[in-house]
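Read the structure below first, then the notes.
Convention: sequence-line order gives letters A, B, ...; per-chain numbering from 1. Heavy-atom basis, side chains included; hydrogens, waters and symmetry copies ignored.
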Number of protein chains: 2
Amino acid sequence: MNIGEIARRAGVSRSTVSYALSGKRPVSDETREKIQRVIDDLGYRPNASARALANGRTSTIGLVFPPAGDHYTGMQLDFIGSVVEAAATYDYDVLLSPSGVDSDRSFQRLLGERRVDGAILMEIRLQDDRVDHLLAEDFPAVCIGRTARPEGDWWVGLDHTALAAACVHHLADLGHRRIAFVNRPERLLRAGYESAHRGLDGFTKAAAERGLTVRTYTCGDDAPSGQACLERILHDDPATTALVTLNEAALGGLYRGLAHAGRHVPRDFSVTGVVASRWAETVTPQLTAADVPAAQMGRLAVDLLVERLDHPDGPPRHHLLTPPISLRASTGPAGTVAPPSPASEPTA
Amino acid sequence: MNIGEIARRAGVSRSTVSYALSGKRPVSDETREKIQRVIDDLGYRPNASARALANGRTSTIGLVFPPAGDHYTGMQLDFIGSVVEAAATYDYDVLLSPSGVDSDRSFQRLLGERRVDGAILMEIRLQDDRVDHLLAEDFPAVCIGRTARPEGDWWVGLDHTALAAACVHHLADLGHRRIAFVNRPERLLRAGYESAHRGLDGFTKAAAERGLTVRTYTCGDDAPSGQACLERILHDDPATTALVTLNEAALGGLYRGLAHAGRHVPRDFSVTGVVASRWAETVTPQLTAADVPAAQMGRLAVDLLVERLDHPDGPPRHHLLTPPISLRASTGPAGTVAPPSPASEPTA
DNA sequence: ATGAGGAGTCGAACCGGTTCGACGGCTCGA
DNA sequence: TCGAGCCGTCGAACCGGTTCGACTCCTCAT
């Protein structure tokens, strides 16, 4: 059931069928209808590989996402979903590529073997060899996140510096003086993940500006790590009255740690951070946070990529987003009374 | 940079290069090395579309997953991640296909246009026209979940009937007599989602067996819906002392509802259900639940699909999993004292 | 009446691989 | 010494589309 068979049955040549389908040259109504009838009868669909080979476009975009070994965060799920949905509206498929242990191999697979027309990269690092590589090859790609020098590149990113700073100011305005920062895992920080670095920067500078006493922590992407991290925070400085977290997956653990330490949120302790709204709303009390607009970012990334594919010589474009802090229920004024005595246990 | 160019520079024919690469015919060491040197120099990689066209295999599997309009659950994320990872070990790429509003269109794209060698389907319904269609065409596919008549098909599924029943027995053993069931959204139940139906069945039968008083609810896949659902439960029968949920995404909301109603978990109220362990561990107290082994299921689905692709005439295979209930901290003996008076507010 | 030009169609080349049949040269057993 | 048979290589066909140039009508302006 190929184009030749359709042509034979419709009594025309293969090229006429092709033109009838693509509309790139005029075809008489009579012929077009005849062809269409045969196609409908046989349920013919043109072979994607053959088409891709002939015209050099696969109608597929690659989504390079972090390895499964890491715990996924809810944010990533929203990205993936919105990217796939947006791509579908442009008639693109999405090919998933794990940038796992052997990131180079799957990268080569995608680009070298021309499986995709363009790519969207997640989990960008400040110095990112993948990005450098793509930039050098002028391969159509869009980053979700930006490197240290994002000038000539295409990306959609979050202003983590401003976001973390906004969290600090929010807490400072409420009277908190001793606050902690819960970052992504140390491994990611060391690898240079931009959100971890820029968030930490914004936090540190804003805290200095407001003259706050701070401690910063890294924390695994799961609830038990969050709980352990909170225990460390209260152990290191029991007078801490608030924290800012970039670590969505640890959130549940942080709350649990607070509950176990007998700190009521927000009466005794305020929590805020940068978290997708859907997850901010699953915890009790709901988290006051800068909402990561993951779905919007995925959509924007696809928009940019499609534009880049359609106009290969256009100037680089990007979107830097700074969502406002959504006031929910996890922050409140710093207590004027002393916090409970260090390491006090909940009602045993 | 195609195979002809490599052949020219190495001074051999195109077919020799092809054989050197595939090993399907002997090539002298000398020639092979000469070719390899040219390939390394130029960084040549064979074009995937051309290869697919020639040998009829795309080395890609399709993953048909639910539309982004729905809220994703954590489970789905784990599936996707593990499928991609497992596929990579077999040298397959994964193409995402939203089975969204226009499910037929993307379905046709995948299969009709031969973009993929096989497919993995998620979110199976008891009567599923997609599955029927694939079965009729003998298209290599594996379902995550099973239809009402799964005999001749390939799938990996969870025994939701047994799992829900196990939850009921666990609660009944603890002395609970009035329990509620929180299902997936009504829309999905009506559409015939297998987990929703089989889970409900298992719950209902086991409860009848144990002579329990039950109410069953459907609930949106998000925290606010969970909270609202819990309010309904306590409104409808304030003497309810436990619930079973299949709805992972509503879990946070259910907990919040209980907190607002002044019910302490597990002292006043027990919660259990079927939830991926990672999410069961984010709530406080951690959820006693049948852990959905999402990662394992993704891996198994890929294993089955690859086997089916390698041995097209083998008999259908499947895996039915019944993970045990992990005892955590959200269930306890039914209180012998009367529950707090209806609609009592927490310390205001 | 005539030539320009557009509509409609066809054949052939091409995209970049894989695979089959053929063939020359060599080894080895009869 | 001859032929069978294997090794290594080549040319050509093929996969299923797209696209370009050429050709035939037909219309319309000159």
Exercise. Less than 3.5 Å between a donor and an acceptor, one on the side chain of B/Arg14 and one on the base of D/dG11, is that the case here?
Worked result: no
Exercise. Do any side-chain nitrogens or oxygens of A/Ser15 fall under 4.0 Å of OP1 or OP2 in D/dC20?
Worked result: no
Exercise. Do A/Arg25 side-chain and D/dT19 base share a donor-acceptor contact under 3.5 Å?
Worked result: no
Problem set entry | Presence of donor-acceptor pair under 3.5 Å, side chain of B/Arg45 and base of C/dG17 | no
Exercise. For B/Ser22, which contact category applies under a 4.0 Å heavy-atom criterion: base, sugar-phosphate, or nothing?
Worked result: nothing
Exercise. Where is the tightest heavy-atom contact between A/Arg146 and A/Ile124, given as atom of each residue plus distance?
Worked result: C-CG2, 3.8 Å
Problem set entry | Atom-to-atom span, CD1 of A/Ile3 to C1' of D/dC14 - whole angstrom | 16 Å
Exercise. Within the pair A/Asn2 and D/dG16, is there a side-chain N or O less than 4.0 Å away from OP1 or OP2?
Worked result: yes
Exercise. What is the distance, rounded to the nearest whole Å, between atom CG of A/Asp29 and atom P of C/dA7?
Worked result: 13 Å
Exercise. Do B/Tyr19 side-chain and D/dC7 base share a donor-acceptor contact under 3.5 Å?
Worked result: no
Exercise. Is B/Asp41 salt-bridged to B/Arg37, going by a charged N under 4.0 Å from an acidic O?
Worked result: no
Problem set entry | Pairwise 5' ranking along DNA chain D for B/Ala54 and B/Thr31, keeping only the more 5' one | B/Thr31
Problem set entry | Check ion pair B/Lys34-B/Glu30 (N to O, under 4.0 angstrom) | no
For this session: Take the protein atom CZ of B/Arg8 and the nucleotide atom P of D/dC10, then report the distance between them rounded to whole Å.
Result: 15 Å
For this session: Establish, with yes or no, whether the OP1 or OP2 oxygen of D/dT18 is under 4.0 angstrom from a side-chain nitrogen or oxygen of A/Ser18.
Result: yes
For this session: Please state how far atom CZ in B/Arg57 lies from atom P in C/dT19, giving the value in whole angstrom units.
Result: 11 Å
Exercise. Just checking B/Pro26: base, sugar-phosphate only, or nothing, at a heavy-atom cut-off of under 4.0 Å?
Worked result: base
Exercise. Counting any heavy atom closer than 4.0 Å, what does B/Ser28 reach on the DNA or RNA strands: base, sugar-phosphate only, or nothing?
Worked result: sugar-phosphate
For this session: Answer with yes or no whether the side chains of B/Tyr92 and B/Arg57 bring together a donor and an acceptor at under 3.5 Å.
Result: yes
Problem set entry | C/dC10 OP1/OP2 closer than 4.0 Å to side-chain N/O of A/Thr16 | yes
Exercise. Rounded to the Å, how far apart are A/Asn47 CG and D/dG16 C1'?
Worked result: 6 Å
For this session: Ignoring backbone atoms, test whether A/Lys24 places a side-chain nitrogen or oxygen under 4.0 Å from the OP1 or OP2 oxygen of D/dT18.
Result: no
For this session: State whether B/Arg308 and B/Asp138 are salt-bridged, where the test is any N-O pair (Lys NZ or Arg NE/NH1/NH2 against Asp/Glu carboxylate O) under 4.0 Å.
Result: yes
Exercise. Where the side chain of B/Asn55 is concerned, which of D/dT19, C/dT18, C/dT9 is the nearest nucleotide?
Worked result: C/dT18
Problem set entry | Interatomic distance, A/Leu21 CG vs D/dT19 C1' [rounded to whole Å] | 15 Å
Exercise. What integer distance in Å separates A/Leu53:CG from C/dT18:P?
Worked result: 12 Å
Exercise. Below 3.5 Å, does any donor atom in the side chain of A/Ser49 face an acceptor in the base of D/dG16, or the other way round?
Worked result: no
Exercise. Quick one: A/Ile39 CD1 to D/dG17 P, roughly how many Å, whole number?
Worked result: 10 Å
Exercise. If you find the nucleotide of DNA chain C closest to A/Gly11 and the one closest to B/Arg51, which residue's nucleotide is nearer the 5' end?
Worked result: A/Gly11
For this session: State plainly whether the residues B/Asp29 and B/Arg32 are in salt-bridge range, i.e. N to O under 4.0 Å.
Result: yes
